[in-house]
There are 2 protein chains.
Amino acid sequence: MDSHPPDAERLLTPSEVAKMFRVVPKTVTRWAQAGKISSIRTLGGHRRFREAEVRRLLEEGFGSEDESRVG
Amino acid sequence: MDSHPPDAERLLTPSEVAKMFRVVPKTVTRWAQAGKISSIRTLGGHRRFREAEVRRLLEEGFGSEDESRVG
DNA sequence: GTTAATTGGGGTAATTCGGGCG
DNA sequence: AATGTCCGAATTACCCCAATTA
């Protein structure tokens, strides 16, 4: 039996996100601390990231650098 | 009709909770042992978790970390 | 060249994972 | 097959400081 709760969303570990961006896991942690990426915490304090958001951020980085960035 | 499912009493297995947090089932068991999450026992000694509580714990850790939190 | 921000590495403690067995 | 419990290894969090980048 493999019934999952309705809005079970795919979560990624810091290492997995780090590999996608080609940075070390610690850098991903800094992004979370800086509020640049949202994250949830396991009950032990470790972070998990939404795969959808990570991929969105990853693709934003491929946009033209001429694009004005609001921030 | 089941248009009003009593979510508050729905119970989840260790595996289901583990998938929601992106951890392995054993880790969820550890959280129960540490008292970080309440659980009930089946007559066979296995644990079950309240979906409402799990969801609450899951959403507590969401959002940017630089947002102030009202305690 | 200087200033400010980001990234990476070291170190330690806590958490998580994986294997084995009941 | 899923779960419970114990142990050792890997991952992560958090600290500080140097190197790289804009």
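Note that the structure is a prediction, hence the values are computed from the model and not measured. All values below were derived from every heavy atom in this structure, side-chain atoms included, with hydrogens, water molecules and symmetry-related copies excluded. Here is the naming used below: chain letters follow the sequence lines, and residue numbers restart at 1 for every chain.
- Residue A/R47 has no polar side-chain atom (N or O) positioned under 4.0 Å from OP1 or OP2 of D/dT12.
- Closest to the side chain of A/R30, out of C/dG9, D/dA13, D/dT3, is C/dG9.
- Across all strands shown, C/dT2 remains unpaired; no Watson-Crick or G-U wobble contact has both distances below 3.5 Å.
- Within 6.0 Å of CZ on B/R41 lie more than 12 heavy atoms contributed by other residues, nucleotides or ligands.
- Closest to the side chain of B/V23, out of D/dC14, C/dC17, D/dG4, is C/dC17.
- Salt-bridge annotation for B/R55 and B/E59: absent, with no side-chain N of the basic residue lying under 4.0 Å from a carboxylate O of the acidic one.
- Between B/S15 and the phosphate of D/dA2, there is no side-chain N or O to OP1/OP2 separation shorter than 4.0 Å.
- Listed nucleotides D/dT3, C/dT16, D/dT5 differ in distance to B/H46; the shortest reach to its side chain belongs to D/dT3.
- Whole-Å rounding puts the A/E16 CD to C/dC17 P distance at 11 Å.
- Atom CG of B/L11 is separated from atom C1' of D/dT3 by 16 Å (rounded to the nearest Å).
- Of all nucleotides present, none satisfies the Watson-Crick or G-U wobble test against D/dA2 with each distance under 3.5 Å.
- Closest of all the heavy-atom pairs between B/V28 and B/P14 is CG2-O, 3.9 Å.
- Following rounding to the nearest Å, B/R22 (CZ) and C/dT16 (P) show an atom-to-atom distance of 14 Å.
- For the pair A/R41 and C/dT16, the criterion of a side-chain N or O lying under 4.0 Å from OP1 or OP2 is not met.
- Toward the 5' end of DNA chain C, the nearer of the two residues B/K36 and B/K26, judged by each one's closest nucleotide, is B/K36.
- An OP1 or OP2 oxygen of D/dC14 is reached within less than 4.0 angstrom by no side-chain nitrogen or oxygen of A/T29.
- Contact annotation: B/T13 side-chain N/O to D/dT3 OP1/OP2 distance is under 4.0 Å.
- A salt bridge links A/R56 and A/E60; the closest N-O separation between the charged side-chain nitrogens and carboxylate oxygens is under 4.0 Å.
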Quick one: do B/R22 and A/E16 satisfy salt bridge (charged side-chain N to carboxylate O under 4.0 Å, His left out)? Show the steps, please. CA-CA 12 Å; B/R22 181 57 157 89; A/E16 291 169 340; 2.6 Å; yes
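- In this structure, B/W31 does not reach the C/dT15 phosphate: none of its side-chain N or O atoms is under 4.0 Å from OP1 or OP2.
- Between D/dG4 and B/Q33, no contact under 4.0 Å exists linking OP1 or OP2 to a side-chain N or O.
- With rounding to whole Å, B/F49 atom CZ is found 7 Å from D/dG4 atom P.
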